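Take a look at the structure below.
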Amino acid sequence: MIELTGLTKRFGEVVGVDCVDLRVEEGAFVTLLGPSGCGKSTLLRMIGGFEEPTEGTISIDGRDVTDLPPNRRPVNMVFQDYALFPHMSVGRNVAYGLKVSGMARSEAAAEARKALDMVGLADRAEAMPHQLSGGQRQRVALARAIVRHPKVLLLDEPLSALDANLREQMQVELRRLHRLVGLTFIMVTHDQSEALAMSDRIVVMRDGRVVQQAAPSELYDKPADAYVAGFVGTTSFFEGEMTRTGLRAFGQTIRAPKDLAPHGRPARFGYRPEKVELRQGHVADGLTGHVDELLYRGDAVRVFVNVGDGRLAVDLQVTDRAATDGLPRPDEAVTIVIPPARLMAFGPAADKAA
Amino acid sequence: MSLAEPLPEARLRARRWTAMRRYLVLSPPLLWTVVFMFVPYLTLVVYSVWRAEFPLAVPDFQFGNYVTIFTDPQYRNVFLRTLKIASLVSLCALLLAFPYAYFLVFRVRSPGWRLALYMAVVAPLWVSYLLRAYTWKTILGTNGILNSFLISAGLIDEPLTVLLYNQAAMVLTLTYVFIPFMVMPIYAALEKIPPSLHEASADLGEGHLSTFFKVTLPLAMPGVIAGFTMTFCLSFGDFIAPMLVGGPDGQMIAGVIATQFGAALNWPLGSALALTMLVFILVLISASDRLERVGQGRLA
Amino acid sequence: MTIKTRLAGGVASAALALGAAAPAMAEGELNLLTWEGYADPSFIAPFEEATGCTVSATYVGSNDDFAPRLAAGGGVFDLVSPSSDSTAPLITAGFVDPIDTSRLDRWDELYERFRTSEGINSDGQVYGVPYAWGAIAFMYKPDAFETPPRSLDALMDPALEGKVALWDDKSAIYVAARMNGDMDIYNLSDEQIAAAQETLGEMRSNVRKYWSSAGELVDLFASGEVVLSNTWAGYQSALLAEQGIEVVEFIPEENAEGWMDSWMVVSGTPNEDCAYQFLNMAISEAGQCGVASVNGYSVANPVAARECMTPEQFEALHQDDPAYLDSLLLWENLGPRLGAYTNAWNAVKSQ
Amino acid sequence: MTVVQEQVDIVPVRAKGRRRSRNGLGARLAWGGAIAAILAFLYLPIAVLVLFSFNSGRLLSWPIQGFTLDWYRKLASNEQLIEAAWNSLYVATCSTALTLIIGVPAALALDRLSFPGKGLFRKLVLLPIALPGIITGISMLTLFRLMGANLSLTTVIIGHATALLAVVVTQVYARLQRLPRSYEEASADLGASGLQTFFFVTLPNIRTAVIGSGLLSFTLSFDEIPVTFFLTGRDNTLPMYIWSTMRRGLTPEINAVGALIVLASAVLVVLSVLLLRDKPGGRA
């Protein structure tokens, strides 16, 4: 188990990581998610020992490792650029961590082979890193990190250097490996779909602070604030006010849970575009407007609807050819029907959102 | 956790160890630099305000040596002459090096040839400086190789005596010796110019000459400045070529400094001269660095 | 010592950066700071063989080189051979040790006027062992002159543009002063020095090169660069004769300077025994006739000279006529005026 | 001040296929002539040096009188010269070792560490590149004089190491800047100590820069005069010996030494070009 307490990193005047408390359970796959510059990489590098915290402590399995150098922490890292040693063969790269800790050469080589086997590269042990493809290098980096059986594996944007197809394949691979070795994984990414797909738990960061930590589904369905809602998945925002009859927006009233937001005060609301219905013409208990634009995306179509002075989005699943024919046309009057359970509220309207 | 709270002993020790290892890497070069560079410059400063008194110098604090340097016309003469010669050397080297580097970058298409021609200019650096300077003495002498060749070819009847033991011979020799330092940075600068710029310029209907003056030359300026500065500094501080091929009007500032540390046995004056030279060169370098950076900004 | 052990030692010491890195010197290694010819193998090699002391030499081009080389730091040289006008500063500075003349077998044979000369005696102690003497004459190439030059005025002859060489030494001031008619060359006033400086400036278009070593002058003559110069009488002309180049030495109408060199022992030399063996050799037949035949200089021990010279040589070198030396302007210690002279000479070179 | 830094790094690798010159034969001939003239300027003196080392006469004038190996024979029996050559070898070896021992950590510190006074440290270390050797020479002379240290080959070695430190620092520093830090971090992450990381990961990756700057520093030290001039005691290095011989007159023997040095330099140049060609995989 990893425990971060009050972890803070300041670079001169700039605060990189701001008083972060975090617990990561053993065997979990945790993702630090956030846009670039949010402090997630700094946090990861502090856990790895590459940055010295200004304040706070890091402990692993109850042991304080805050001031230990990287080589004395039970933690290994997969670097963004993989950092494979260019002058060593794949086999020697993987065996490196064993060699420097004094393991006999033959034993280390055997261990390395086992690790390479685990990532499906047993036959490339003699190859030099520059002879490998991007995906293969990534696997070598993984093998090199897990061969030492660390308590925690840190992954710094491990998939960002790969192209789209390979990335999905490696997502599966990483999940499989996580199950196989049973280690704690902490991954850093700015790609929300990657985070949603892979993690047991996601920690969303912003400006050096943790905004929300939750399981992917919880995060998606109940984002803590507009920032999370905007960053994880797509959210269509609008402004409105809770009244006794429901949620009032654009001069129209729709049904909403009574306790969604404080009554009588303008607030920000939103919904996931794929979780609502779009009906033709005017329908009661919905927000009626006119179709503005359609974006075709193959598996779905995003429809933008002008409602009052706002603009809302709805995603329509395209299940077969016929459905394409039934799509609304620009300027057609339509109504967005939002199931009350799908409505999200984000505090006062003054709060600026992402 | 607030900073005021004392850290546990073990953590303090770990922190100290990390810091110590850092200083372990740093201390040998730092110590060396302080002892053998900083302190010597300091002793030079100290000597420069001391007073020369046989056998060497006595502690004193006065600026007499500097006053001498700036009032006695002999030092001004030497300084101006050194300035003149170093400028001429840099100019000559530039006039030779620029076309050469330009040719390598824009005219030679085979990488093999380019490497060979580049090495051809750099390689003489590996041959003894002294011998390269000395050879000119044997070539330029009254009955030297050039004169005897010209006579045997029937081009002249009497040996030319204007070839050796004068400032022209010094400029020639120093140009020869330091030209690689001019070619290297100019080559590097030209090398960095994207070919697309030339093509763009050609597409815009610019002729060769105007492309050269509007595109190539401005972009090569950082290299030219770096090379000019290097060549200038090297020839400015030379005291060997004047002794080998210079005539009675060949004394340069470094030669005067050497004399003060030698025959004249006036270390304080020599130190003051050396420091004056040091300051001049530092000013020159920082000015050239600034110019270079301005030039590089253009490519960005 | 083999290069291997040397390198090994060197690398180890390099790692330590400081400490005594240089390989230890063999006992009895004499390092001379002296004039060209004074460590000629013709008489040094037999000495090395006989005594086991090895000799190496660093050459000076001017008397002004001795004090600076000794001032730069100790432990380098064992013996030096300055001229008698330049010895006083070395003695006052403590750069040289008194000589124990009782260890010199043939001390008493040296010319008395040398033994008792001011240059090597101080506070009742002897600091130098007189070795050789001579004149700073002039020499010219006879085929370049219709009428042989007799006076220093030839240095200014417009026909000799770029054909004259001059010794890079304060001696140039002495020459110019004599040209100006100031014959008290060792006691020149500031005005006279300034006038000499001016004369040298006017002469400059005639000067091809200020020579700073015997060999350089020989080369300047041999390669036809110059036809007239001052010279260490006897030495360069002989070297040129060896190359088959004829030159004629002469004492100008304005007279010439005279000089006397003596060997001095550098303070704190670790090789004192070898140094005394060298001194004994220097004033014996080996050293005396050695320097006489290599350099063509007159020597300080007439007894030894008579033993080993032909009568002709003995006479040609004025060994029977030390009064000849009196006719020359024997170099004198300039004392506090030295700075004015060297500064003037440096100013000429800087012009 | 980019000069030395670029020296070894530049292996010209201009993109293939520049467009063919649009000028005619005339321009090509003019270019060819100009380049040939510059090359002649660069190499005629060296050719003269080598040619006249075989000249049977003493006089250095055209045409050469005849062929002889006498000067080489004389060289082989010139004990002082051989001693001086060994001294130079000793000095160059030690000072190169020192520049590497001091210079590589200095480059590491400049690239990887931050510490107070770093700016001044950088300026000081790099200064001797542009500074005339005479200033380095006399400033150290004044130091040794004040310390009362006797001048010897040791002081020469220290002087050379100081003057040439910048050569190693600039080249190694330039290489370090191109070396991703993640290599070292990965190594530490995998349990390697600082020294293990340096020897197993950092050093192999900056190897060519270290060897290259070492070679350069060796050559420059072997050839050094201004610093040696002021710092040497009773021992002569080869350039100092040649210098004093030269000052005492021209001798074809010097041409023979020169020819040998040219030969040795040629071997070194070829070696360095061959050795320093980056092998595939040298860069990630």
Side-chain angles (χ1 to χ4, degrees), chain B residues 21-22 25-26 28-30 32-33 36-41 43-44 47 96 99-100 103 107 109 111 114-115 118-120 123-124 126-132 134-136 138-139 143-145 148-149 152 181 184-185 188 191 195 226 230 233 237 239-240 254 257-258 261 274 278 281 285, chain D residues 1-3 6-7 10-15 18 21 31 34-35 38-39 41-42 45-46 48-49 60-63 102 105-106 108-109 113 115 121 124-125 130-135 138-140 142-143 146 158 162 194 219 223 225 230 239 242-243 246 250 254 258 261-262 265 268-269 273:
Chain B
R21 280 201 325 194
R22 182 172 289 205
V25 174
L26 187 58
L30 206 59
W32 186 277
T33 324
F36 293 120
M37 294 168 127
F38 190 69
V39 174
Y41 293 142
T43 56
L44 216 52
Y47 264 110
L96 290 174
Y100 192 87
F103 179 80
R107 291 276 169 157
R109 290 191 305 153
R114 195 173 299 121
L115 176 63
Y118 181 79
M119 285 314 288
W126 297 63
V127 179
S128 167
Y129 156 86
L130 197 56
L131 287 164
R132 283 184 295 144
Y134 156 85
T135 317
W136 282 105
T138 67
I139 293 175
N143 290 324
I145 289 153
S148 49
F149 175 79
S152 72
F181 291 102
M184 289 189 287
E191 171 83 358
M230 193 75 191
C233 289
F239 69 108
I240 286 165
I257 296 175
F261 274 81
L278 179 85
I281 284 180
I285 290 172
Chain D
M1 308 245 333
T2 46
V3 177
E6 316 235 31
Q7 174 160 349
I10 296 179
V11 173
V13 277
R14 188 119 194 123
R18 280 197 168 270
S21 150
W31 269 113
I35 298 307
I38 293 172
L39 283 175
F41 174 63
L42 283 172
I46 294 178
V48 162
L49 190 77
L60 298 172
S61 63
W62 189 263
I102 309 281
L108 275 172
L113 299 181
F115 50 92
F121 174 66
L124 267 179
V125 169
L131 225 49
I134 187 171
I135 293 186
I138 59 170
S139 66
M140 296 193 77
T142 55
L143 172 77
L146 282 186
I158 292 174
T162 307
T219 326
D223 191 29
I225 296 176
F230 290 101
I242 297 176
W243 170 240
M246 242 176 224
L250 306 175
I254 289 184
I261 290 181
V262 168
S265 314
L268 271 181
V269 168
V273 168

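By convention in this document, chain letters (A, B, ...) are assigned in the order of the sequence lines, proteins followed by strands, and residues within each chain are numbered from 1. Every value quoted in this text rests on a predicted model; they were computed, and no experiment measured them.
No more than 12 heavy atoms of other residues, nucleotides or ligands sit less than 6.0 Å from atom CZ of B:Phe38.
Here D:Leu49 is the residue among D:Leu108, D:Leu49, D:Leu268, D:Val262 with the most heavy-atom pairs under 4.5 Å with chain B. Chosen from B:Ile240, B:Val39, B:Val25, the residue pairing most often with chain D at heavy-atom distances under 4.5 Å is B:Ile240. Per-residue counts of heavy-atom pairs under 4.5 Å with chain B were compared for D:Ile242, D:Ile46, D:Val269; the largest is that of D:Val269.
Within the 4.5 Å cutoff, side-chain heavy atoms of B:Tyr41 are placed close to those of D:Leu124. Considering only heavy atoms from C-beta on, B:Phe36 comes within 4.5 Å of D:Met140 through its side chain. For the pair B:Arg132 and B:Pro124, the minimum side-chain heavy-atom distance is below 4.5 Å. Looking only at side-chain heavy atoms (C-beta outward), B:Pro99 and D:Trp31 come within less than 4.5 Å of each other. You'll find the side chain of B:Trp136 reaches within 4.5 Å of the side chain of B:Ile139, heavy atoms only.
Proximity to chain D is limited to the side chain of B:Ser152, based on heavy atoms less than 4.5 angstrom apart. Contacts between D:Ile38 and chain B at a heavy-atom distance below 4.5 Å involve the side chain alone, from C-beta outward. Both the backbone and the side chain of B:Tyr129 come within less than 4.5 Å of a heavy atom of chain D. Proximity to chain B is limited to the side chain of D:Ile261, based on heavy atoms less than 4.5 angstrom apart. Both the backbone and the side chain of B:Leu96 come within contact range of chain D, each with at least one heavy atom under 4.5 Å from a heavy atom of that chain. For a residue to count as touching a neighbouring chain, one of its non-hydrogen atoms must lie under 4.5 Å from one of that chain's; by this rule D:Leu113 touches chain B with the side chain only. In this structure, the portion of B:Tyr47 lying under 4.5 Å from any heavy atom of chain D is its side chain and not its backbone. Residue contact with chain B, scored on non-hydrogen atoms closer than 4.5 Å, involves the side chain of D:Thr219 exclusively. Contact of B:Leu278 with chain D is made through backbone and side chain together, with heavy-atom distances under 4.5 Å.
Of the inter-residue distances, the one linking D:Ser265 atom OG with B:Leu131 atom CG reads 9.0 Å to the nearest 0.5 angstrom.
The aromatic rings of B:Phe239 and D:Phe230 are tilted relative to each other, their planes meeting at an angle between 30° and 60°.
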